[in-house]
Every structure is written in C-alpha cells, then in structure tokens.
Chemist: 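Pasting in a structure now, in structure tokens, and then I'll have a few things to ask.
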Amino acid sequence: MSPRNIYQKILEAHLLEGDLEKQFGIRIGQTLTQDATGTLAYLQFETLNKDKVKTELSVSYVDHNTLQEGFENADDHKYLQTAASKYGIIFSKAGNGICHQVHLERFAKPGKTLLGSDSHTPTAGGIGSLAIGAGGLDVALAMAGSPFYLASPKIIKIELKGKLKPYITAKDIILKILEILTTKGNVGYAIEYCGEALKHLTVPARATMTNMGAELGVTTSIFPSDEITRDFLKKQGREKDYIELKADEGAEYDKIIKINLGELEPLIAKPHSPDNIGAIENIKGMKVDQVCIGSCTNSSYEDLMVVSEILKGKKIHPETELIIAPGSRQVLEMISENGALSELIKSGARIAESACGFCIGAGHSPKSKAISLRTNNRNFKGRSGTQDAEVYLASPIVAAFSALKGEIVNPKEKNIPEVKLPEKYYVDDSIFLKPKFEDNIIKGPNIKPLPKFPELEENINGIAVIKVGDKITTDHIMPAGLRLKFRSNIEKYSGFVFEPVDKTFVQRAIKNKKNNLANIIIAGTSYGQGSSREHAALCPAYLGVKVVIAKSIERIHRQNLINFGILPAYLEDKKDYDNIEQEDLIEIPNIKQNLNNKSNIFLINKTKDIKINLEHDLNDMDIKILLKGGKLNYYGS
Ligand code: MIC
Ligand code: SF4
C-alpha cells in the first residue's frame with residue numbers, strides 16, 4: 001500500500017460511496033449543532049421521518065443566542081432541548097460553553113469524523129478529528145444516516161519547525177498562515193500540520209489554529225494525534241478515546257508550506273478582514289477603547305490563565321473596557337477554583353457568560369468609531385454590532401497587555417508569565433442532558449414552519465437585483481447580532497437580507513418576485529465567506545433569489561445555495577463582471593436542459609443585448625437537487 005497522509009487514512013476508514021480521488025460520500029460519526037443554526041437543522045431533521053439519529057454521537061449546543069432578550073431565544077432553547085431528547089441527542093444548555101471548546105474538551109475523538117452546523121467545527125482537528133462545517137440541512141441528513149458528500153480535497157502540508165518565543169502563541173502562527181494563504185482562493189483545500197515543533201503545541205493551541213482554518217476557507221485542518229493528544233485526553237478523563245494518528249513516511253501532498261516558529265514576531269489582523277495582517281511592532285501605541293478576550297478561538301483554560309497572570313495585581317487602563325468570556329463551564333470552574341477568576345475581576349475586567357456573545361455581536365458592541373482589540377477569529381465590518389468600529393484580532397497575551405496600557409502593546413517588551421498545564425481538567429458531565437426518547441417536542445411562537453420552494457424553471461427570467469464586490473461575507477448577506485433571534489422565523493429574518501450592504505434590497509426583491517421576475521445576485525470573488533449559516537441562502541431563496549453569479553463562491557455557502565434551490569454560477573470570463581449592472585434584465589435560457597445535457601450555460605443581458613458565458617461546478621447529484629428546487633424537495637420525494 002502506498003504511503004498515506006492523515007486525511008487518506010480517516011477518509012478510507014469512513015468511505016461509503018464513490019472514489020476518494022474524485023467525489024465521494026463518507027460516514028459521519030459525530031455531529032454538532034449550535035442554537036443559531038440548530039433550530040433549522042432539527043426542523044429539517046423532523047421532515048426526514050426518522051425516529052432517532054443514526055450517528056455514534058450527536059450534540060446540540062446552546063451558545064450563540066443566550067441573551068434571552070424577549071421570549072424568542074428561550075423558545076428556541078426549549079425546542080432544541082425537546083427535539084434532542086426525542087431523537088437521541090445530547091443537549092448542552094446555555095451557559096455550558098461554546099460548542100467548539102466544549103466538544104474539544106468532552107467529545108471530539110482522534111480518527112473520527114465530525115460534521116457541525118458551524119464553520120468553526122474544524123476546531124476539533126486540533127485533537128485529530130476530521131471535522132467539517134456545513135449547513136444545517138447537511139448535518140440533519142448526516143444525523144439521519146446519509147453520507148456526507150465531498151469532492152476530493154487537495155492537501156496542504158504545513159510543516160512547523162523551531163521553538164516559539166515566549167511571547168508568540170498559536171494565534172500568531174495562524175495569523176502568519178492567513179498572511180501567506182489569505183482568505184481567498186483556498187476552496188477545495190485542507191491543511192495537515194506536521195513537524196518537530198508540534199511538541200511545543202498543546203491541544204488547545206492546535207485548536208486555535210484549526211479553528212481559524214475556517215477563515216482561510218479551507219475545508220478543514222488537522223493535527224496528528226500524538227502523546228500531547230493523549231495527555232490532554234487523559235487529563236479530561238478520556239484516555240480510552242486516544243488513538244495514535246500520523247501520516248506515513250513519504251505520504252504525498254499537493255502543496256507544502258514550511259514555517260520556522262522561532263522566526264515569528266507578534267501579529268495582528270487589522271480591520272476588516274482576518275487576512276489583513278500586520279506586525280504588532282508597526283501598530284503598537286494605538287489607543288484601544290475595548291478589549292475582548294474569548295470566542296471559540298482563544299477561550300481555553302491556558303489562554304485565560306496567562307491572561308490572569310498578566311493582569312494579576314494590576315488594573316486595566318481607566319479609558320479601556322475589558323470583557324472576558326471563558327469558553328466553557330469547565331474553564332470557568334477551573335479559573336474560579338484556583339483564584340485566577342478573582343484576579344481577572346480585581347483587575348477591572350467584566351466577566352461575560354461562557355458563550356459566543358461579543359464574537360457574534362450579541363452584546364458588548366463597542367462605542368461609535370471604537371478601536372476594539374479581540375481574540376476572536378473574525379473582524380468583518382459591522383460584526384461587532386457597531387458599523388463604524390475598527391476591530392483588530394490578536395493573541396490573548398497581546399490583548400491582556402493592551403488592556404492594561406490602554407493601547408496596543410508589543411508583548412516582546414514584556415515578561416511573559418509561564419502557565420503550568422493542569423494535572424487534571426475539572427469534569428462534570430452532569431451538565432449535559434441525556435435524551436429520554438420521549439415525543440414531547442415544544443415549539444413556542446418563535447418557531448415557524450419551513451417555507452417550501454418550487455422546482456427550477458426551464459428559462460430563468462430575472463433581474464440583477466444587487467451587484468456586490470469581492471469578499472462578501474455571510475454577515476453581509478444575513479446579519480447576526482440582534483437579528484439572531486429570528487433565525488427560527490424565516491419570514492421575519494428575511495426582512496434583513498443584505499441589511500448592512502443595502503437597506504432597500506428586501507423591498508426591491510419582493511417587488512421583483514411579485515412581478516414574476518427571478519432575483520439574481522451578481523458578486524465578485526469569494527462570495528459567501530465566513531459562517532455556515534444556511535439562512536444566507538434560505539432567506540434570499542424566500543425572497544425569490546434563483547441564481548448567484550459570482551467570480552467565485554466559498555465552499556459551505558455554495559452547498560447551501562444548492563440545498564435551497566439557488567443556482568451557483570460563475571462568470572467564464574471574469575471581465576464580464578463589468579458587463580452586468582444592478583437592475584439589468586437577465587435571461588438564462590434552457591437552464592434545465594443545459595444542466596441535464598452537460599451543455600454550456602449562459603445568460604443574455606437583455607438590457608445591454610449581450611450574451612455572457614457562465615460556468616458551474618455542479619456534480620450529478622447537485623444538478624438533481626437543483627432541478628427539484630432544493631434538498632428537502634429532493635429527499636422528500
Ligand atoms: C459565526 O461565527 O459566524 C457563527 C455565528 O458561529 C456561524 C454560524 C451561524 O451563523 O450561526 C458560523 O461560523 O458558521
Ligand atoms: Fe461562536 Fe464566534 Fe465561534 Fe462563531 S466564531 S462559534 S460566533 S465564538
């Protein structure tokens with residue numbers, strides 16, 4: 001047998017259908033959902049008529065919408081709890097922590113497959129799990145036992161050597177990788193880490209890096225499972241979950257990147273993209289109004305311990321606010337037990353719930369024009385809830401020193417406290433509710449039935465309802481923050497599509513729909529970056545969007561479009577982007593026939609009287625799903 005990399009090993013062990021070199025379907029062992037995507041996932045699961053989930057383990061977390069301002073969040077939580085109980089799913093209540101942190105601590109296993117309805121699901125790659133983010137419908141299907149379909153990913157090997165300087169962290173490494181690879185052009189790739197420097201990276205540090213693979217746009221990232229993994233699992237009381245996992249000598253890769261950790265200097269992502277990387281040295285001294293430490297990227301025990309050691313006996317700058325959200329109840333309990341929490345409180349920090357919170361703009365929005373320094377993974381414009389805030393991303397070490405000084409600090413100039421890893425993590429699994437398999441699902445008034453979509457028409461007659469530029473994120477398409485509570489009410493949530501970009505979009509889209517004109521979105525490169533939220537496809541579909549024509553589309557969003565019957569198409573010649581204006585009348589003739597016959601597809605810009613060639617990357621199953629008007633219609637028939 002020829003030498004295999006880690007992906008080949010796990011994929012081979014889970015292959016159900018197809019060819020690993022091309023398109024294939026794998027068995028999903030574990031799933032996770034969170035509340036903001038979970039309600040839809042379970043509403044969709046209900047339509048699949050299964051009595052229980054077919055996975056080895058499925059967990060439903062509540063971590064995004066925990067503000068409970070109004071009845072909507074609590075309605076969602078109750079629905080999720082009762083659906084989990086009926087279908088055999090473990091339920092993690094609000095307050096237990098952020099799904100990725102908790103899953104890493106308690107459930108993720110090396111060598112297993114995990115599908116999650118959240119783009120940062122690959123966090124579990126830090127423990128050697130093959131973890132992928134997807135839309136809720138794909139997760140629902142995996143829970144029902146269907147294969148998860150994937151095109152063979154190209155593998156980038158990232159070889160790490162050298163030793164980190166004390167002030168450099170895993171966050172700086174992943175920011176370096178974001179500088180090299182950027183957030184664009186990595187669709188279809190997956191990252192495998194290796195190298196002698198791995199021995200300096202703990203599981204939570206590795207998880208910081210696999211977490212932010214989502215920002216690169218890669219399908220997933222993975223670390224080998226080694227003695228460090230075993231130690232982490234042992235301290236979590238889960239040594240039995242350990243297996244060794246490494247690539248064979250001579251295994252092949254599509255691309256190789258080598259990084260000498262000893263050469264890294266502290267980095268920061270500047271507004272408004274995680275790949276807008278600069279050296280802290282060039283930005284130090286800049287006043288910061290707000291510092292936030294937390295999110296699924298940097299909220300582990302070791303992250304917060306180093307922060308507490310830095311803040312110990314000191315006070316944060318009077319002009320700066322510091323908010324800290326421990327990633328899980330486990331982390332919160334441990335820092336509370338050992339006194340570190342008390343140091344954080346005494347320094348003047350505000351302690352937030354163990355939840356996503358500020359990371360998704362659910363509370364703690366900074367003041368107008370604020371400079372906010374965060375340990376999060378995303379700094380898209382407006383995501384903090386303040387449109388004109390400037391959000392920077394850096395390590396917890398940089399964040400803690402900056403909170404003390406009220407300005408960005410280069411930690412190179414500081415003594416970095418050494419933090420000892422715990423002998424044992426605090427474990428209390430009674431915080432998870434086990435399923436009772438009872439049929440008593442409760443749907444409060446915030447839970448509305450799913451909309452239905454028609455089959456694809458032979459000729460699409462429509463209008464370029466909006467033309468947007470490059471790197472439009474799902475936060476632009478479907479804002480979160482205070483709008484999050486409408487995730488289970490598609491009609492209501494659809495009223496906010498493209499709100500941050502164009503407040504008149506919804507009105508125009510509804511008018512076109514009434515006039516029987518299909519709404520067509522024209523976009524630049526990397527359309528649909530960021531979150532896995534299927535609402536960014538479902539709500540536009542509800543408003544009559546039938547096609548997205550872009551220079552390129554990100555992986556999860558592309559699949560979500562297909563799932564809800566929207567055709568993802570690309571401009572054959574990228575220059576044709578300039579040949580379509582907003583409001584142009586567009587016709588896409590014989591689309592069904594051309595897709596079925598594998599003929600070229602094209603559009604006629606009726607306003608400009610020109611023909612523009614299009615491309616697509618749909619496989620046979622994608623085409624069948626699209627023709628049916630989406631995956632629910634397809635599986636329902
Ligand atoms: C995010 O970080 O954007 C989210 C909120 O976690 C999303 C999921 C969602 O929109 O519910 C993600 O990353 O997939
Ligand atoms: Fe939650 Fe932020 Fe992580 Fe998304 S990126 S799962 S909002 S903490």
Side-chain angles (χ1 to χ4, degrees), residues 32-41 60-67 73 76 80 92 94 96-104 115-124 131-136 138-139 183 207-208 210-215 217 274 292-300 303 323-328 331 352-364 374-380 382-385 391 393 473-488 493 496 528-539 554-557 559-560:
L32 71 77
T33 55
Q34 41 87 341
D35 50 317
T37 53
T39 49
L40 267 192
S60 169
Y61 293 94
V62 176
D63 54 359
H64 280 62
N65 295 326
T66 59
L67 276 182
N73 293 170
D76 283 358
L80 290 169
S92 178
N96 283 353
I98 307 173
C99 55
H100 308 303
Q101 174 67 25
V102 180
H103 208 79
L104 190 75
L115 193 72
S117 62
D118 190 282
S119 65
H120 290 105
T121 303
T123 310
I132 303 178
D138 288 318
V139 177
T183 58
T208 295
T210 50
N211 174 284
M212 283 191 80
E215 278 50 71
C292 298
I293 300 176
S295 90
C296 56
T297 323
N298 278 116
S299 57
S300 66
D303 283 332
I323 297 142
I324 301 177
S328 67
V331 173
E353 189 175 17
S354 289
C356 299
F358 55 74
C359 176
I360 199 186
H364 299 116
R374 298 173 169 219
T375 63
N376 308 352
N377 41 39
R378 292 186 172 147
N379 59 345
F380 305 144
R383 183 175 159 101
S384 67
V391 178
L393 309 175
T473 71
T474 50
D475 279 280
H476 291 110
I477 307 168
M478 221 40 271
L482 296 175
R483 308 295 187 214
L484 264 180
K485 64 181 185 181
F486 303 121
R487 284 277 176 102
S488 312
Y493 198 35
F496 305 107
Q529 269 192 17
S531 143
S532 67
R533 65 191 69 151
E534 54 194 341
H535 301 78
L538 172 54
C539 294
E554 293 296 308
R555 177 189 65 91
I556 304 180
H557 189 58
Q559 192 60 53
N560 284 337

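Every value quoted in this text rests on a predicted model; they were computed, and no experiment measured them. Order of listing sets the numbers, starting from 1, for every ligand and every atom in it.
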Chemist: Would the distance check show the side chain of Asn65 and the main-chain N or O of Lys485 forming a donor-acceptor pair, the cut-off being under 3.5 Å?
Modeler: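 Side chain of Asn65 to backbone of Lys485: no pair is present.
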Chemist: Hey, which atoms in ligand 1 end up nearer than 4.0 Å to a heavy atom of His120?
Modeler: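 Close to His120: 13 (O).
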Chemist: Do the rings of Phe486 and Phe496 sit parallel, tilted or perpendicular, given the 30° and 60° boundaries?
Modeler: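 Parallel.
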Chemist: Side chain, backbone, both or neither: which applies to Arg383 and ligand 2 if a contact is any heavy-atom pair less than 4.0 Å apart?
Modeler: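 Arg383 to ligand 2: side-chain contact only, backbone stays beyond 4.0 Å.
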Chemist: Measure distances from atom 1 (Fe) of ligand 2 and count the protein N, O or S atoms below 2.8 Å.
Modeler: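 Of the protein's nitrogen, oxygen and sulfur atoms, 1 lie under 2.8 Å from atom 1 (Fe) of ligand 2.
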Chemist: Short list, please: which atoms of ligand 1 are under 4.0 Å from a heavy atom of Asp118?
Modeler: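 It comes down to these atoms of ligand 1: 4 (C), 6 (O), 7 (C), 8 (C), 12 (C), 13 (O), 14 (O).
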Chemist: Checking Gln34 side chain against Thr37 main chain: does a donor-acceptor pair fall under 3.5 Å?
Modeler: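 Yes.
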Chemist: Between Asn379 and Leu393 (side chain of the first, backbone of the second, donor and acceptor by atom type, cut-off under 3.5 Å), is there such a pair?
Modeler: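 No; zero donor-acceptor contacts below 3.5 Å.
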Chemist: Compare Cys356, Pro479, Ser532 and give the one whose heavy atom is closest to atom 14 (O) of ligand 1.
Modeler: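 Looking at heavy atoms only, Ser532 sits closest to atom 14 (O) of ligand 1.
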Chemist: Suppose I only count heavy atoms of His64 and a 4.0 Å limit; which atoms of ligand 1 are within that range?
Modeler: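 Reading through ligand 1 atom by atom, the close ones are 4 (C), 5 (C), 6 (O).
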Chemist: Among residues at least two apart in sequence or on other chains, which ones pass salt bridge (Lys or Arg N to Asp or Glu O under 4.0 Å) with Arg487?
Modeler: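 Checked Arg487 against salt bridge (Lys or Arg N to Asp or Glu O under 4.0 Å); zero matches.
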Chemist: Ignoring hydrogens and angles, tell me if any N or O in the side chain of Asn376 forms a donor-acceptor pair with the backbone of Ser295 under 3.5 Å.
Modeler: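 Looks like no, no N/O pair under 3.5 Å.
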Chemist: Looking only at protein heavy atoms, which one is nearest to atom 13 (O) of ligand 1, and how far off is it?
Modeler: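 For atom 13 (O) of ligand 1, the nearest protein heavy atom comes out as Ser119 OG, 2.6 Å.
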Chemist: Only heavy atoms count here, so choose which of Arg487, Met478, Arg378, Gln34 is nearest to atom 1 (C) of ligand 1.
Modeler: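 Nearest heavy atom to atom 1 (C) of ligand 1 lies in Arg378.
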Chemist: Quick check: do His557 and Thr474 have side-chain heavy atoms less than 4.5 Å from each other?
Modeler: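 In short, these two side chains touch, coming nearer than 4.5 Å.
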Chemist: Using the side chain to side chain donor-acceptor pair (under 3.5 Å) rule, pick out the option among Thr297, Thr208, Asn298 that qualifies with Asp303.
Modeler: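 Checked Thr297, Thr208, Asn298 against Asp303; only one passes side chain to side chain donor-acceptor pair (under 3.5 Å): Asn298.
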Chemist: Should you measure from each heavy atom of Asn377, which atoms of ligand 2 turn up under 4.0 Å away?
Modeler: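 Reading through ligand 2 atom by atom, the close ones are 5 (S).
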Chemist: Check whether Ser299 reaches the backbone of Cys296 with its side chain - one donor and one acceptor, N or O, closer than 3.5 Å.
Modeler: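 Pair absent, no side-chain N/O of Ser299 close to backbone of Cys296.
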Chemist: Please could you name the atoms of ligand 1 that Thr37 approaches to less than 4.0 Å, counting only its heavy atoms?
Modeler: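 So the answer, numbered in order with elements, is 9 (C), 11 (O).
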Chemist: Between Ser328 (side chain) and Val102 (backbone), is there a donor-acceptor pair under 3.5 Å?
Modeler: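 A pair under 3.5 Å: no.
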Chemist: Is there a polar contact, in the sense of an N or O pair closer than 3.5 Å, between Ser117 and ligand 1?
Modeler: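 In this structure, Ser117 places no N or O atom under 3.5 Å from an N or O of ligand 1.
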Chemist: Find all atoms of ligand 1 within a distance of less than 4.0 Å from any non-hydrogen atom belonging to Ala36, and give their numbers and elements.
Modeler: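 Numbered from 1, ligand 1 contributes 11 (O).
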Chemist: Counting from 1, what ligand 1 atoms have a heavy atom of Ile360 closer than 4.0 Å?
Modeler: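 Once the distances to Ile360 are compared, the set is 5 (C).
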Chemist: Test Arg383 against Ser531 for side-chain hydrogen bond (donor to acceptor under 3.5 Å, both in side chains), laying out the working first.
Modeler: CA-CA 12 Å; Arg383 183 175 159 101; Ser531 143; over 6 Å; no
Chemist: Please evaluate residues Asn211 and Asn377 with respect to the criterion side-chain hydrogen bond (donor to acceptor under 3.5 Å, both in side chains), reporting the C-alpha separation (whole Å), side-chain torsions for both, the decisive distance (0.1 Å), and the verdict.
Modeler: CA-CA 8 Å; Asn211 174 284; Asn377 41 39; 3.0 Å; yes
Chemist: Of the listed options (His535, Arg383, Arg533), which comes nearest to atom 2 (O) of ligand 1 when hydrogens are ignored and any heavy atom counts?
Modeler: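 Nearest heavy atom to atom 2 (O) of ligand 1 lies in Arg383.
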